[in-house]
Structure formats: structure tokens, C-alpha cells
Number of protein chains: 2
Amino acid sequence: MKVAYELVNARREKLAQMLQDQAYIPISNVCAQLNISEATARRDLAYLEANQRIVRTYGGALVEYNQKFPSFLERQQVELKGKKKLGKVARDLIIPKSTCFFDAGTTIYALAIELKQKPVEGVKIVTNSLPIAELMTGVQGIEVHLLAGQYLHRQGVIFGEATIKTLRFYDIDDAFMSAEGFDQKGLWNSDATVVEFQRQVIRQSSRKVFCLGAEKMGKRAPVFLSDWGNVNVLISDAISSDLPVYSQAQFKGKIFSI
Amino acid sequence: MKVAYELVNARREKLAQMLQDQAYIPISNVCAQLNISEATARRDLAYLEANQRIVRTYGGALVEYNQKFPSFLERQQVELKGKKKLGKVARDLIIPKSTCFFDAGTTIYALAIELKQKPVEGVKIVTNSLPIAELMTGVQGIEVHLLAGQYLHRQGVIFGEATIKTLRFYDIDDAFMSAEGFDQKGLWNSDATVVEFQRQVIRQSSRKVFCLGAEKMGKRAPVFLSDWGNVNVLISDAISSDLPVYSQAQFKGKIFSI
DNA sequence: CTATATATGACTGAAGTCAATCATAAAATT
DNA sequence: AATTTTATGATTGACTTCAGTCATATATAG
């Protein structure tokens, strides 16, 4: 029988934690500890592998990725399913041989996961997110470029004056970004430095694609990022008619409501 | 048939190394890589487990060492005692609150390990090496800055046009570098792009510190990097009198021979 | 409230892993 | 040189893991 998403996610999270602690657990043991069938245990492992959290081996799984970016993974867990949907839609917008900027954050990370599973030929990805860089590197036909700046360990992000300066070296076709909140007035984020950086991205990109989960609708964050005039594409899983952009004459972009 | 002890030990040592590098190897793969039967492979694994070198799991084995030091570069370093010596000397040259450039490569990585164990207050490290960045990040009192550019996964290095350009953003006090060979004429490296980058580092740094293992003495690599005039400090474990710098009038630096 | 989507457990055959046994050939010992 | 030791490969049967299929119950969406 079907089970609530929350329970499933919680269980998988627990499994990931177990693997972190114990490094190796026989499948039979997983079943016993989580009170699930072998089939479900395997499905959970497959899921964690698909999300790059673990590497499966015959008879077990290795956890390599996780210790690197602790707080990043914590955040990744919220609204995971919605983000995956947004990511799939965004992925299909990527044009072969284009240069794309990938914003730091879990929403765009979900896009990166989708892109890795179904790569687009000759794409050059510019990012200041190390998790995204590590995820995408080595993928056939994809080039990863990191921006310069101070390396902030906990978030796995590169930031600072140099980050904005280095952005100018690149000619961005599509920028895939997110924000912490959005309403009638526009987009909001929590940190002034982040906003300053994002504004530079907006200035330099031909097309601005924003991926905004429904949970962010109607919310404001401390710093105003931009009005809707700068948004070329809006991807959201909020109910279409509720989106605040319809009342905005300035908005001339395209909407993907899913 | 029986086989000489040396051969057996050498093979088991190799297997241990393989496990350290690859973390997990199917038994079939072990057989193929070492040209031995499955039975022998199992016996070797059992031996290594008995000696507390590895922990066997169903279908593979885990190396304890792995969990402590996730970066495989770091593992490579363990045996190279010469580099550790150089690193210790170099570390003591680092001045509090200075900005240091750390070259990519194992020699300077060894220096980074020493610095991590005994940090210098308020130092800012600029590097294009991701292993070094990951190693040093989070260390109390130390700031890590990454240069921009294409992320080359295999070497864990950031490189390209942008790397040289971003270097200009920084005001480097001390540059800690290495090379693949050195002789009377000066320093040599194998890759033209690397050399171009290193020359920019030399131009921009107040003090140039070169760490050169004895094994590199007298050797040349395809591309000429610099004569001895640019070297402010030379650290080497080669016999002092053999060093090629004494015959060079242009060399006005300091020598640490250990 | 109805219809759809999906998370689950049971079952399957195929494939991988394991420990144990045995004969053999080469090293090590005497 | 003769004897002992032992490292090896082949073989066996038991066990574990794995991916796939299917029916079912329930959460979720409309």
C-alpha cells in the first residue's frame, strides 16, 4: 500500500544516516532495522543512489559525497519532490552548446541532477556552487566552470567580490536561478551579497529562468532582488492562477506551471 | 604451486593499495587486475583483514584509513616522507595575516597538510587546487579563496583562461610552488598552460618559494618555467652542495637544504 | 467523492559471493 | 638431495544479493 511521502522521506533519510555511521550494512540488516521488506530497502538504496547521496556496491553502499557539504544536504531534503519536477521542466529548456549559469541552492541542484541523468550535448555550465560542480564534472559532453572567490565550506559555495568580477568573463545564454520568496512585487532573497551577485547574473544573461517552488509563493525575504520584468521564464509548481505575475504588466515572460 | 614470499607480500600490498584508492572492488575484478584465482584473492583479503588492514564486507572490503581521510590525494601523500619534510620547512615560512598562493600538486599539498595541523593566524590562501581548498577549509583562522576556470575533475584542478585573469584580483605575498624538474638553467614543467599560469603567479607575488624534491634535481621537463633569478626561497631535500643554484650568479635567494 | 498515482510486499530466476576441501607444484628446510 | 611446508587453482554447495514482475492497498489529486 501507498504510504505518506513524509514517512518515506524520513525513512530514507534515516537509511542515509545509518550508512554514514556504519559504512556497510547487509540488506537483511536494513530490513530488520527499518521494518521494511527487502524490495523496499533496495528501492530506497536505488533512490539514494539516483540522488547522488550514496554509491551502491554489490552487497552494500558507500557514502562519499555527504560529509563534504553538511548543511547543503540538510536543506536539500525539503520539498524534494517538487524540486525534482521543476528540475525536469528546466532541463528541457537547456539548448545544446549553450552556456548556462547555475545558481547555488537546492532547487537548481535538483535541475543539475536531472541534467546529469539526461545530458545536453556541448553545454558549458558556469556556477559558484561546488556541489553542482562536483556533480556535473565528468559528465560526457558537459564542461564545468567555477567562479572565483572565497570558499564557504558549510554551504559549499564560492562567494565574495571576486565572484562578481569573474562572472564578467563569461557570456551567459541562460541563467537558471531561484529565490527564497516571490510575490506581486517580484523576487526576494535573504542576503544582500547574494542579491548583488544575482543582479549581476541577471544583467549578463540573455535569458533568465527562475525556478520557484510553490512553498515560496507570497513570501518575502529581507532583500529585494528584482521585479518581474527581468524574468523571461518562470517555472513553478504553484497553482497557475495564483501566480502573482498575471497582475504584472511588466511581466512578458513565459510560464511553466506544473 | 608455492610462490616466493616476496611476491605474495608485494601482491597483497598492491591489493591493499587498490582498496585504498578504489574503496570497493568486486572479487572478479581483483582476480582480473592481479591475475590470480578467486580463491587466492579471498585468501589475500582474509590475510589483510587478519592484519587489521581492512574490514571485509559481503562483496568487498572497506579500508579503515579511507574513512579518516576521504581525499585520496591525502592518502597518496602518506608514504612520501620527503615531501612532508619540505612541507614542514615551508610551513614555518608562512607569515601571520599574509596572502599565500598554493600551487596545485602533491608537493604543495603536503605543505597544506602541515599547515592544517599547525595553522598560522589570519592567513588567506589562494589556490586553483580543489583538494587543497577542501583540506584547508574550515580551519580556524584561515580563509580559502578559489580561482575561477574550468574544473578538471581528474586532477581536481581549476584551469583555463579565467584562472590567469582571476589571479590579478589578488595581491599575493608568498607563492608556494613546485616544478617537475630543475637544473642549472632553472625550473621546468610539463605543460605549457600550467607554465603560463605559474609565470603569472611569479609576476604577481612578492616572494616566490619553491619546494623541490631531490628526485627532481637534474631533470628537465618539456617547458621552461623560469631561471633562478625569480626564486626567493629554495627548499629541497637534495644534498646541499649538489644543488645547481650555487653556480648561478643570478640566484640571490635563500636555501633550505634538509 | 472518484479516479489516479504510487509505495509496498511477495515471488522469481539469475548472478555474485563465500568457506571448505583437495591435489599439485614450487619454495623452504633439513 | 630428500623432506617438509605452503601457496595455488579447481571444484563444490550453501548463502546472499539483485532486478524485474505483479497484485494490492492507500495516499494524493481532481
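Note that the structure is predicted; figures quoted are calculated from it, not measured. In what follows, every chain begins at residue 1, and chains take the letters A, B, ... in the order their sequences are listed.
- When every heavy atom of S178(A) is checked against every heavy atom of D103(A), the shortest pair comes out as N-OD2, 3.3 Å.
- As a whole-Å value, the separation of L34(A) CG from dG9(C) C1' is 15 Å.
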Base-contact (B) and sugar-phosphate-only (S) positions in nucleotides 13-21 of chain C, heavy-atom cut-off under 4.0 Å, - elsewhere:
--BBBBS--
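- Two rings, from H145(A) and Y170(A), have their centers less than 6.0 Å apart.
- Taking the side chain as every heavy atom from C-beta outward, I125(A) and T99(A) never approach each other to under 4.5 Å.
- With respect to E38(B) and R42(B), a salt bridge is recorded, a charged nitrogen being found less than 4.0 Å from a carboxylate O.
- Rounded to whole angstrom, the span from the CG atom of L15(A) across to the P atom of dA7(C) amounts to 16 Å.
- Using a 4.5 Å cut-off on side-chain heavy atoms (C-beta onward), W188(A) and K219(A) make no contact.
- Here dA10(C) presents its P atom at 12 Å from CD1 of I36(A), a figure rounded to the nearest Å.
- An OP1 or OP2 oxygen of dT8(D) is reached within less than 4.0 angstrom by no side-chain nitrogen or oxygen of S37(B).
- Between F197(A) and F101(A), the gap from one ring centroid to the other is short of 6.0 Å.
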